[in-house]
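All chains are named by letter (A, B, ...) in the order of the sequence lines, taking the proteins before the strands, and each is independently numbered beginning at 1. On a predicted model such as this, the values are computed, not experimentally measured, just so you know.
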There are 2 protein chains.
Amino acid sequence: MDALTQSTTTRTKKKPTDQPSACSCVNLRRASRAITKVYDDALHAAGLKVTQYSVLVNLSRAGAVSVSELARRLRLDRTTLVRNLKALERAGMVEGAPSSDPRERGVSLSEAGRAAVAQARPRWIEAQRLIEARLGADGVRQLGELALALEGIAGRDVAGADSVESE
Amino acid sequence: MDALTQSTTTRTKKKPTDQPSACSCVNLRRASRAITKVYDDALHAAGLKVTQYSVLVNLSRAGAVSVSELARRLRLDRTTLVRNLKALERAGMVEGAPSSDPRERGVSLSEAGRAAVAQARPRWIEAQRLIEARLGADGVRQLGELALALEGIAGRDVAGADSVESE
DNA sequence: CTCCTATGCGTGCATGTACACGCATATACC
DNA sequence: GGTATATGCGTGTACATGCACGCATAGGAG
């Protein structure tokens, strides 16, 4: 009732911040901002953002991989990852790794990166706990399921957009 | 099991993209990106992003308001809104509005803005429908509740961060 | 060997997001 | 009037995100 609803302007009182928006997208974006802040705050002492922690942890699990491969694992746009990696390389947490295919750029965790992950992990766990305390185990599970359902939604045409004439 | 888990590297097979990440934050961020794309695609024909549509709709409900007031309604950082408004002003969809207090900058929907909203609304509804078809009415409701719970979480200290010495 | 296609990579551009600052004005207190 | 506090605003800085491009090389078709 708060963000994208236009319908019944007949609302008389309207409590300020009680209801979620009628728009699932706005709801999700808001929730994403809020939860990101929780994790970022928790990881702040370790000098990482949650996005960076996510990259590092995946890298620690993957070993030496190409940028594209890492992007696939993170389910993140490759070009976004390219830029996210830059900060981590600048900070000395990620370093280049040899690669068979000259087209590929291999990357891997540096010692400093490994250390950063080790330092950050307990903070991350704390954040996880805080979220679970807030949502309950059920809520966390539901959230995972909803997220999964939404991730699989890519590529749909909704309105009669123009595209799709090639093949 | 996919993004931020480090524990049992003992995993033998691991289906590629079946499980949500162990990290609620990563899940939520991914879901947010995915759903944003759905709405942005739907609104593309109307020349708007969902973030812009959200601003315009709220503005259409609010009439002439100050930037800060609009930010409060959107539950969005004021400085973020300042910049988001710039694009809409450049596009002629938002215009200045008189204000009693000289400190305030009043903004309101222009005619073009109203037209854009009118053109975009059906697309937005389509996107809503698509999401509901994907999540079910229950899923949409759950999502709203979870989002609401997360929004209320601001300001917590998780790890023994340094701050909080002032008062 | 040569040409075509697939794959990997990085950048330009646009936008979203938020924090730290600094500037201006409104208000209250004296 | 003069000072202190509160409120509103915009910018600098930094990062996240994704699309459109263009460049380079690998691999196969001839």
Chemist: Rounded off to whole Å, could you give me the CZ-to-C1' distance for the A:Arg105 and D:dA24 pair?
Modeler: 15 Å
Chemist: Rounded to the nearest Å, what distance is computed from the CG atom of residue A:Leu48 to the C1' atom of nucleotide D:dA16?
Modeler: 15 Å
Chemist: Hey, is the main chain of A:Ala22 close enough, under 3.5 Å, to the side chain of B:Gln128 for a donor-acceptor pair?
Modeler: yes
Chemist: In whole angstrom, give the distance that lies between atom CZ of B:Arg30 and atom P of D:dT17.
Modeler: 11 Å
Chemist: If only side-chain N and O atoms count, and only distance matters, is there a donor-acceptor pair under 3.5 Å linking B:Thr36 with A:Arg29?
Modeler: yes
Chemist: Answer yes or no: are there more than 12 heavy-atom neighbours, outside B:Arg129 itself, under 6.0 Å from its atom CZ?
Modeler: no
Chemist: Between A:Glu95 and A:Ser110, is any side-chain donor less than 3.5 angstrom from a side-chain acceptor?
Modeler: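 The criterion, which ignores hydrogens and geometry beyond distance, is not satisfied for A:Ser110 and A:Glu95.
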Chemist: Quick one: label B:Ser66 by what it contacts on the DNA or RNA (base, sugar-phosphate, nothing), any heavy atom closer than 4.0 Å.
Modeler: sugar-phosphate
Chemist: How long is the line joining CG of B:Asn84 and C1' of D:dT11, in whole Å?
Modeler: 15 Å
Chemist: Please compare A:Glu69 and B:Asp101 by the position of their nearest nucleotide in DNA chain C and report the one closer to 5'.
Modeler: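 The residue closer to the strand's 5' end, by nearest nucleotide, is A:Glu69.
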Chemist: Nearest heavy atom decides the nucleotide; on that basis, is A:Arg83 or A:Val67 closer to the 5' end of DNA chain C?
Modeler: A:Val67
Chemist: Mind checking which nucleotides bracket the chain B contacts on DNA chain C, 5' to 3', with an atom under 4.0 Å from a heavy atom?
Modeler: C:dT15 to C:dA26
Chemist: Between B:Glu104 and B:Ser99, is any side-chain donor less than 3.5 angstrom from a side-chain acceptor?
Modeler: yes
Chemist: For B:Asp77 and D:dC15, give me the distance from atom CG to atom C1', rounded to whole Å.
Modeler: 14 Å
Chemist: After noting the C-alpha distance and the side-chain angles of A:Arg134 and B:Glu151, does the key distance pass the salt bridge (Lys or Arg N to Asp or Glu O under 4.0 Å) rule?
Modeler: CA-CA 11 Å; A:Arg134 182 79 183 195; B:Glu151 275 192 73; over 6 Å; no
Chemist: If you take atom types as modelled and just measure distance, does the side chain of A:Thr79 reach the base of D:dC19 with a donor-acceptor pair under 3.5 Å?
Modeler: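 Looking at the base of D:dC19, it does pair with a donor or acceptor on the side chain of A:Thr79 (distance under 3.5 Å).
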Chemist: Both B:Ser68 and A:Lys49 contact DNA chain D. Taking the nearest nucleotide for each, which residue is further toward the 5' end?
Modeler: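 It is B:Ser68, whose closest nucleotide lies nearer the 5' terminus.
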Chemist: Is it true that a side-chain atom of A:Asn27 and a backbone atom of A:Ser21 form a donor plus acceptor pair closer than 3.5 Å?
Modeler: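 Between the backbone of A:Ser21 and the side chain of A:Asn27 there is a qualifying donor-acceptor contact (under 3.5 Å).
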Chemist: Taking the nucleotide of DNA chain D with the closest heavy atom to each, which residue, B:Lys86 or A:Arg78, is nearer the 5' end?
Modeler: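 Its nucleotide being nearer the 5' end, the pick is B:Lys86.
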Chemist: Please report the distance, rounded to the nearest Å, between CZ in B:Arg29 and C1' in D:dT17.
Modeler: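 The distance from CZ of B:Arg29 to C1' of D:dT17 comes to 9 Å, rounded to the nearest Å.
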Chemist: Under 3.5 Å, is there any donor-acceptor pair linking the side chain of B:Arg103 to the base of D:dT7?
Modeler: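 Between D:dT7 and B:Arg103, which were checked side chain against base, a qualifying N/O pair under 3.5 Å is present.
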